[in-house]
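Just below is one structure, and these are the notes that go with it.
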Amino acid sequence: MRRILFQSLLKPPLTEAAPAPDDGALAELAASVERAARKRLGRSLSIREVDAGSCNGCELEIHALANAFYDLERFGLRFVASPRHADVLLVTGPVTRNMQEALRRTYEATPDPKWVVAVGDCAADGGIFAGSYAVAGGVHEVVPVDLHIRGCPPSPLQLLKGLLALLTPP
Ligand code: SF4
C-alpha cells in the first residue's frame, strides 16, 4: 500500500493533455454552432439530455462536451435541468418500455420551437438492443426526430457537427 502511494506521488496523472489555446477544429465548430443558434433563436442554445435506456456510453460522450477539456459553455451552449428551458432534446439509447411515457412527457413539456436529436446507433433503431422485449425501438417510434447522429458512441466532435447541421438547414 505504501509502495502504491509513493508511486502515485511520483507518476504524472493519467489524463489527456489539455487542448492548445488555439486548437482550431473544435473551437471553430463550437463557435459556428453558437452563431447558428443566435441566428435561429436570437440567443444561445439550451440542451436537455434524456437517457431513454442507453448503456451510458453515449452519455459519457455528451457529458464530455461540458467537461474541462471541451468546455462548451464558453461558446454559450448550455445543458439545462428541465425540458421547459430546452431548445434541443438529445435522446440516447433504445427507448425502453419503462421510459416510453417519460420521453413522451418530456417532449410535450419542451416549448416550441424544439428539435429532437437521436444520439447513437441505439437511438436510431434500437441498435444492439433491437428486438428485446424491454425495448420499444428507436426514438422515432415514440417522438418525432429531427436528426440522427449515428455512432456507438458518437464522439463529441460528431455531436457538434450534428448540432450545427440541425441549426443550419440547407
Ligand atoms: S449506441 Fe453504443 S454507446 Fe450508445 S447506448 Fe447504444 S450501445 Fe451504448
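Just follow the structure's listing: the first ligand is 1, and inside any ligand the first atom is 1.
Heavy-atom contacts of Gly151 reach the following atoms of ligand 1: 1 (S) (cutoff under 4.0 Å). Those atoms of ligand 1 that come under 4.0 Å of a heavy atom in Pro153, given as number and element, are 3 (S). If you number the atoms of ligand 1 from 1 as listed, the ones under 4.0 Å from a heavy atom of Gly57 come out as 3 (S).
For Asp121 (side chain) and Gly151 (main-chain N/O), a donor-acceptor pair under 3.5 Å exists by modelled atom type. Looking at Arg84, its side chain never comes within 3.5 Å of a backbone N or O of Pro111 through a donor-acceptor pair.
For atom 4 (Fe) of ligand 1, the closest non-hydrogen atom of the protein is Cys58 SG, 2.4 Å. In this structure, the protein non-hydrogen atom closest to atom 6 (Fe) of ligand 1 is Cys122 SG, 2.2 Å. Taking atom 8 (Fe) of ligand 1 as the reference point, the nearest protein heavy-atom neighbour is Cys55 SG, 2.3 Å. Annotation: atom 2 (Fe) of ligand 1 to nearest protein heavy atom, Cys152 SG, 2.3 Å.
Within the 4.0 Å heavy-atom cutoff, Asp121 counts among the residues contacting ligand 1. Using 4.0 Å as the threshold, Pro154 has no heavy atom nearer than that to any atom of ligand 1.
One hydrophobic cluster, built from ILVMFWY side chains closer than 4.5 Å, cannot hold both Ile62 and Val116; they sit in different ones. By the criterion of side-chain heavy atoms lying less than 4.5 angstrom apart, applied directly or through intervening Ile, Leu, Val, Met, Phe, Trp or Tyr residues, Val119 is not grouped with Val145; the two fall into different hydrophobic clusters.
Counting heavy atoms of neighbouring residues, nucleotides and ligands inside a 6.0 Å radius, atom CZ of Arg105 does not exceed 12 of them. Counted within 6.0 Å of CZ on Arg97, heavy atoms from surrounding residues, nucleotides or ligands total more than 12; the atom is thus considered enclosed.
Each side chain to side chain donor-acceptor pair (under 3.5 Å) pair with one or both residues in residues 125-143, not counting sequence neighbours, appears once here: Asp125-Arg150.
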